[in-house]
Amino acid sequence: MTNGSLSAAAPDRGMLHYFKWAFIVTALGLALGAALGWQMTGTVGGMLTIFFICTVLAVLEISLSFDNAIVNANKLKDMTPEWQHRFLTWGIIIAVFGMRIVFPLLIVVIAAKIGPWQAMVLAASRPEEYARIMHDAHLPIAAFGGTFLMMVGLSFFFDHEKDVHWVQWLERRMQKYATIRGIEVAIALITVLIFSRFLDPTESEVFFRSAIWGLLTFLLVEVLGGLLDSSQEMLQAGAKGGLGAFLYLEVLDASFSFDGVIGAFALTQNLFVIAIGLGIGAMYVRSMTIMLVEKGTLTQYRFLEHGAFYAIIALSLIMFLQSFFRIPEVITGLGGAALIGISLWSSIRWNRVAEQSPQ
C-alpha cells in the first residue's frame, strides 16, 4: 500500500486513540441532549429521559452500522491516502448532517405536508404544535418505517449463505427457507395486512399505502446496492483516482443509515434528539472504520449483528403497534438495548470458549 495510508500508520495504537474524538462528541452530544431535555420540560425527569433516549439512539446506530464500518474498511484500504482522509473528514460531515439531520427533516416534511423551514421553526419554537402535527402524521410514518425495518431484519436472517447462527433453532429454519423466492416480502405483506384489518377503513387505507411505499423503498435500495456491487470495474477505477470510490462509499453509507434513521422514529419524534443520538453513533462508525483499516481486523463479536437485527424486527413490530396505542419510549429503548447487550455477552462468552478449546 502507498506510504502514508491508514494501514501504514502505527499498528499498536490503543483503543483510546481511535475513539478519542468519538468520546469527545459523545460527551458534548449527551450534554446537549440533557440541556435540550431541561429546556423542553424544565424537570430533572424530563432531562434524564432525553439523555437516555440520546444514549439509546447512539448505541442502536453504532450496532446497526457495524457492517457499515466493515464495508468502509474493505473499500478504504484500496484508496489513495488523500482520498482515505477526505472520506473520513468530508464523509462524516455528509453522514451526520445529510442522513442524520436533513433526511429525518424530509420525512417530517413529507409526512406532515409542511415546508422545511416551517418544520424547523415548529420543532424549535412551538414543540406542542410540532408534536400535534407529528401525532397526526404518525400512522403513515409507523407503517412506512415499520415495513422498511421488517424487510431489513428479515433479509438478514433469510439468507441461504448465512453460516453463523445465534438462536440456532430459529435461524437455521430461516436459512433453510431462504431459497424460496420472495419469502421476506410475503411475510412483511402478511404482517401489514393483519395489522391493517384492525384499523378503521380510512386509517387502514393510509396504513397499507404507506407500508407499500416502505416496501418499495427497501426494494429500490436493494436494487441500487446490487447495481453497485456488480460495478466492480467502476469501483476499481474509482479507487485509483479516489472520487469514484468516495461516491460509492457515500451511497453505501446512506443505505446503511436508512434503517437507523427510520428506527429512530420508534424512540422519539423530536428532530433534534434524533440528530444528536445518530450523530454520536456516526462518529463511532468513523472511529471503527479507522481502527479496522489500521489493524486489518474485522469483527471480534460474533453475534452482535444478530442482536442488532433482532432489535430492528422488534422496532418494526413496535412501530406497527403504535398505530393503535402509545408505547413508552423507555420500554422501546430498553428492549433494543437489551437484545444488543445479550448478543454482545453471548459473543464474549463464545470467544472465551473458543480460546479454551484445543486447536
Side-chain angles (χ1 to χ4, degrees), residues 25-26 28-41 46-65 68 92-112 114 116-127 130-131 133-135 137-138 140-142 144-146 148-149 152 214 253-254 256-285 308 311-312 315-316 318-319 322 326-337:
V25 171
T26 298
L28 293 175
L30 292 179
L32 182 60
L36 181 63
W38 178 264
Q39 190 274 332
M40 290 169 54
T41 65
M47 180 182 69
L48 293 176
T49 297
I50 298 300
F51 180 91
F52 177 77
I53 292 173
C54 289
T55 303
V56 172
L57 282 174
V59 171
L60 187 61
E61 174 71 2
I62 293 166
S63 300
L64 298 184
S65 299
N68 195 357
I92 195 64
I93 295 174
I94 296 172
V96 173
F97 290 97
M99 284 304 298
R100 275 77 176 184
I101 297 178
V102 176
F103 182 69
L105 179 62
L106 289 178
I107 291 179
V108 173
V109 167
I110 294 171
I114 59 177
W117 181 249
Q118 288 176 291
M120 288 289 293
V121 170
L122 284 172
S125 62
R126 299 168 60 193
Y130 176 82
I133 294 176
M134 282 304 306
H135 181 268
H138 181 70
I141 290 176
F144 179 93
F148 185 92
L149 285 175
V152 170
D253 180 74
F256 275 112
S257 301
F258 194 83
D259 53 334
V261 172
I262 293 294
F265 280 96
L267 290 170
T268 179
Q269 295 170 354
N270 187 295
L271 178 66
F272 303 106
V273 174
I274 290 174
I276 291 171
L278 299 186
I280 292 173
M283 285 301 300
Y284 282 91
V285 174
I312 289 176
L315 280 175
S316 72
I318 287 173
M319 293 188 82
Q322 286 181 338
R326 183 180 180 277
I327 298 176
E329 295 163 339
V330 172
I331 294 177
T332 305
L334 283 176

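Everything numeric here is computed off the predicted structure, so don't read it as measured data.
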What heavy-atom pair brings Ser316 and Leu149 nearest, and what distance separates the two atoms?
CB-CB, 3.8 Å
Residue set satisfying side-chain contact (heavy atoms from CB on, under 4.5 Å) with Leu32, at least two apart, ordered chain then number -> Ile276
Would you name the heavy atoms of Ile50 and Gly37 that are closest together and state the gap between them?
CG1-CA, 3.5 Å
Minimum heavy-atom separation for Phe51 and Ala34, please, with both atom names.
CD1-CB, 4.2 Å
Closest heavy-atom pair and its distance - Ala58, Ile280:
CB-CG2, 3.7 Å
Please name all residues satisfying side chain to side chain donor-acceptor pair (under 3.5 Å) with Thr55, sequence neighbours left out, ordered by chain then number.
none
